[in-house]
Every structure is written in structure tokens, then in C-alpha cells.
Amino acid sequence: MSNDVAERGTQSFVDDDFDPSVWDEINPYVDELLNRKISCSKCIEGIIRDASELSEHISEKGALLYIAMTCDTENEKKRSSFLDFVENIRPKLSEFSDSLNRRLVEHEAVGNLPARYDLMIRSMKNDIDIFRKENIPLGVEQTRLVTESQTINGAMTVEFDGNEYTLPEMRRYLESNDRSIREGAWKAVVNRRMQDEERLSEIFDELVSLRHKIAINAGFETYTDYMFRAMERFDYSKEDCLEFHDAIEAVCVPLMREINSERVGSLELGSLKPWDVNEKTGVGPDLHGRAPLRPFENVNEMVEKLSTLFHNMSNDLGEKFDMLVEMDTLDLDTRKGKAPGGYQYYLQKSRVPFIFMNAAGLQGDLETMIHEAGHAFHSIYCSHLELIGERGYPIEFAEVASMSMELMTQDQWGEFYDADDADRARIGHLEGVIFLLPWIATIDSFQHWIYSNPEHTREERASVWNSIRDKFGSKMDWDEYSIFRDVSWQQQGHLFGVPFYYVEYGIAQLGALQLWRTQRKDQQKALTDYSNAMRLGNTKTLPELFTAADIKLGFGEQHLSSLIQEVRTAMSELS
Ligand SMILES: [Zn+2]
């Protein structure tokens with residue numbers, strides 16, 4: 001740390017060799033920021049700038065510890081380093097942020113700050129409103145429970161066809177054209193899940209009661225109300241979400257069921273069983289019995305072809321993608337000991353995006369990689385912004401960056417396929433858009449009910465879950481597996497780890513569909529709209545970001561219906 005604050009100029013506030021995983025090293029910076037004299041709005045700006053620099057270091061350390069753990073989940077030391085950071089550094093930091101927020105917001109000079117700081121100050125005031133010191137240990141307890149649920153899920157393997165497989169690896173069998181293989185694979189996975197059902201239900205019970213307590217401590221009636229504030233949902237309400245669910249029920253659910261009926265008819269299935277369709281993605285057996293799509297043999301091939309694909313779209317995107325490759329911050333191959341799923345994590349100090357995924361050569365993997373590349377483009381577009389608070393963007397808009405990239409690259413999928421297979425991949429992806437929205441309504445409705453009724457019993461939970469599934473789900477025959485249906489919500493990790501984070505995907509999908517609709521008329525305009533909006537980072541409100549991309553933030557039936565009509569038109573042009 002530099003002691004001579006007045007002389008600092010462009011010199012950095014934080015020493016380069018400082019270790020942000022040790023509180024004793026963070027503490028002097030924190031003390032200085034909390035005690036530095038404030039005499040004018042310039043002093044407030046200086047504190048915000050230095051606090052931002054400190055946050056960059058700490059955020060990057062947390063990211064690197066998380067990345068190390070997820071790339072090597074069997075390594076005890078990496079897991080304990082990450083947990084140590086979560087349990088010992090983050091709670092002290094949130095106390096520090098609260099004290100600093102109060103110092104700045106309560107100072108009379110705050111009114112003289114330039115407009116640039118408006119959203120940052122709004123966010124600080126919001127944090128102050130909901131912060132309670134007594135919630136810090138509850139938050140740590142919450143993280144411990146969530147980590148346990150992730151460990152339980154990560155450890156699940158099944159014996160199948162003479163081998164041991166992780167659950168992500170079982171996808172291959174679940175997507176088989178042979179119905180008996182699908183059935184066997186599905187039952188193997190479900191029987192394995194049922195072994196841990198009881199502990200996961202207990203963890204969830206504990207999480208619900210902890211979360212309700214956090215909300216009450218913070219002065220809210222329900223955890224739903226608390227989370228709408230904590231997630232800074234200033235621009236839409238609970239009622240908007242409910243309207244969105246209704247619109248999805250009216251527009252997408254009948255279409256989804258129509259697609260299911262066509263499959264049942266063409267494949268002569270008799271009735272739809274849970275192993276005949278993935279209800280979240282719409283993935284099911286091929287109507288013509290063709291083998292699953294194989295867009296690439298290995299990760300290098302995927303990366304090379306994606307570079308060509310993005311260069312074909314624009315030099316700007318092509319160069320950004322090549323930057324990712326050159327910076328060597330991609331970990332894409334699936335391997336034993338790697339956490340499931342995919343994510344993009346922006347390293348705030350180095351200003352470099354890191355992409356993690358488990359590619360096994362499937363079409364879904366290609367879509368994931370394009371999705372995460374969209375997040376990485378967003379991060380790179382924002383890297384010119386000075387403050388960490390300006391570079392972070394609302395989640396709803398982050399997913400516009402990634403989901404629109406999936407749609408807007410569709411024209412270019414010929415890089416991976418011949419003409420027939422490219423169309424097949426496009427149709428599958430567009431069907432996926434129709435299937436995902438009802439699933440989003442399912443998960444979001446369920447959470448609204450859970451946290452409005454925190455005292456519920458497990459029986460009530462099962463019965464509400466099933467009635468929500470009846471409303472938004474596929475009509476299918478569960479046979480003796482209705483006992484699994486009761487707890488099948490356990491498969492959706494967001495319910496444990498990131499409560500209420502789900503409707504964002506739906507809000508973003510509507511944004512993404514609009515950008516894609518623009519692209520279908522005018523490719524250049526769509527890419528310009530995309531970059532114009534993405535480079536704004538967090539410096540505008542959510543509706544303003546939508547406006548910057550020349551799209552509309554909406555929840556109603558008419559809006560949804562016109563976009564889904566476009567999807568149907570596009571589907572009819574293919575096949
Ligand atoms: Zn995403």
C-alpha cells in the first residue's frame with residue numbers, strides 16, 4: 001500500500017505483491033479507506049477508485065481459487081483454500097463494504113458527485129438498506145450447505161453397461177435412439193439420485209428456513225421480497241414475473257406439447273415416458289433414427305472452426321475470439337475430477353475472461369462454448385470501463401450477450417456440418433428455445449411458492465411441484481416413478497445454490513430473440529446493436545441497456561407470441 005496518498009497521482013493504491021487471500025494483508029487497505037479524510041466529492045471519487053482497485057485484486061483471487069477447485073475437484077487442498085476464502089475473507093469484506101458504503105453515502109458531498117456515479121450510489125444505498133450484521137454467519141452457513149449439496153451431486157456415479165459413469169457422461173445414453181437404452185440409463189440415474197434424496201431434502205429444508213430468517217432480520221416479510229432487492233430487480237416486479245409465467249403457459253406450452261405429440265406419433269412410442277425427452281432442452285431421439293450430431297472430434301478442432309465462424313460474422317468478433325485463444329485461458333475438455341457444467345469468469349485485475357466447460361463432442365457442447373464466448377465478448381467490450389462497479393453488468397443482460405450469440409451464429413453452423421446436419425442442429429436449437437421457457441416458468445413459479453410458504457411440509461412441496469409440472473410440463477407417463485417426480489426439482493442446482501436466479505434466462509432469451517430477429521433482416525445492424533449495448537457494462541439501467549440494443553424489455557403475451565412466431569417461421573424455412 002502507498003502511504004503517501006496525496007502524492008499518489010496515477011500510482012496504484014495496492015501493492016502488486018499483496019496476497020488477497022490473507023486478511024492481515026487486506027486489513028491495512030481497509031483501515032486506510034475507512035479513515036481517510038473526506039472533504040469534498042473529489043475525495044469520494046478517490047476512495048471509490050481505490051476501493052475499486054482493491055476489489056479487483058480480491059475478486060481475481062476469489063476467481064482463481066474457484067477456477068482451481070472446479071478444474072480439480074478431487075484436490076482437497078484446492079477445495080479448502082477456496083472454502084477458507086469464502087468463510088474467512090468474504091464475511092469480513094461484506095462488513096467492510098457496509099461501513100464504507102455508509103461513510104460515502106452519508107457524507108454531504110455525495111450530492112456533488114457527477115452523474116457517472118448515480119447507479120453506483122443507488123447500489124450502495126440498496127446494500128445498506130438490506131445489510132444486517134447478524135446475517136453474516138447465516139450466509140456462511142448457507143454456503144456450507146450449498147457446498148455440501150454440490151459435493152453430493154458431484155460424487156454421483158452409476159454403473160451402466162459394465163462401466164462407471166458420472167451423471168454428465170450418462171447424457172450420451174439418455175440421448176440414444178434406442179428406447180430400451182434410454183430407459184435403462186434414465187432408471188440407473190434416477191435410482192442413484194434417490195439414494196441421496198433424503199439428505200438433499202434436509203439440506204433444502206434448512207436452506208429455506210435460513211433464508212427466511214435472513215429476510216426477516218433484514219426487515220422483509222418474505223425471502224422473495226428480500227431477494228428482489230438483493231438482486232437489484234428495480235425495473236420489474238413479482239407481478240411482471242407472474243405475467244411472464246402466464247404468457248409462457250399460453251404461448252409455449254401448447255407448442256411444446258405439439259412437438260412431443262409429433263415425436264410420439266412418428267416414433268410410435270404409444271405414450272411419452274420421462275426417458276423420451278429432456279424437458280429442459282427438448283433433446284430427444286431423432287425422428288429419422290439418425291445418429292446424434294457430432295460437430296467436432298476434439299477441442300482444438302472446435303476452437304479452430306469457431307475462429308473461422310466468428311471471423312465470417314465480423315472482424316471484431318473474430319479478433320475477440322482469437323484473443324481468448326492467445327491468452328490461453330480456456331479449459332474446455334471433459335476429464336475426470338472436473339466439476340460439471342460450463343461458465344465464464346472474468347479476471348478483474350488482469351481483465352481477461354476465463355472459460356470453463358466439459359466438451360465431449362456433442363452439439364450441446366458447441367452451443368455451450370458459443371454461449372460462454374458471448375459472455376467473454378461482453379467482458380471484453382466492457383474492459384475499457386475504469387471502475388469494477390462499471391464493468392459488472394446486470395445478469396439479465398449478461399445472458400442476452402450469451403444467448404443471442406447462440407442464435408446469431410446459427411447461419412454459420414455449416415462450419416461444423418453438411419447442409420442437412422446444419423439444419424438439423426438449427427431445428428434442435430430452436431425447439432430448445434420453445435422448451436426452455438416452460439422450464440423457466442416451472443422453476444420460477446416453484447421458488448415464488450417455496451419462499452411465500454416457508455413453513456411448508458415436504459408433502460405440500462411435492463404436491464405443489466407436481467401441480468406446477470402439470471401446468472407447464474410435458475404430458476407424460478411416470479408409472480411407478482412418481483416417487484421420483486415428487487423430488488425431481490432436486491436436479492436443478494440453482495434452487496440450492498443461487499435462489500431466484502432463473503427468470504433472468506427467460507428475460508434474456510426474449511432480448512436475444514429480438515437481436516436475432518434484427519439479424520434476420522440486417523446482420524450488420526444486429527452486430528452494431530450488440531456491441532453498442534455490451535460496451536455500456538453497468539453504466540445504464542436494465543431498460544436503458546435494452547434500448548441501447550434497440551430491443552424491448554417485456555413480459556406480456558403479445559410480445560412473447562410475436563417472438564415465438566418468428567421462431568416457428570425460421571423452423572419452417574429449415575428441414
Ligand atoms: Zn450464461
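When a ligand or atom number is given, it counts from 1 through the structure's own listing order. Values in this document were obtained by computation on a predicted structure and should not be read as measured data.
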**Prompt:** Do you see a donor-acceptor pair shorter than 3.5 Å between the side chains of Trp465 and Thr442?
**Reply:** no
**Prompt:** Just checking, is any N or O donor in the side chain of Tyr165 or Tyr173 under 3.5 Å from an acceptor N or O on the other one?
**Reply:** yes
**Message:** Regarding Asp72 and Arg79, does a basic nitrogen lie under 4.0 Å from an acidic carboxylate oxygen?
**Reply:** no
**Request:** Can you list, by chain and residue number, the protein N, O or S atoms under 2.8 Å from the Zn ion (ligand 1)?
**Result:** His371 NE2, His375 NE2, Glu399 OE1, Glu399 OE2
**Request:** Please step through side-chain contact (heavy atoms from CB on, under 4.5 Å) for the pair Leu387 and Met120, ending with a clear verdict.
**Result:** CA-CA 10 Å; Leu387 302 169; Met120 260 178 266; 3.7 Å; yes
**Asked** Is it true that Phe354 and Tyr345 have ring centroids separated by less than 6.0 Å?
**Response** no
**Request:** Mark yes or no: Lys305 above the aromatic ring of Phe310, with NZ or CZ under 6.0 Å from the six-membered ring centre and no more than 45 degrees from the axis.
**Result:** no
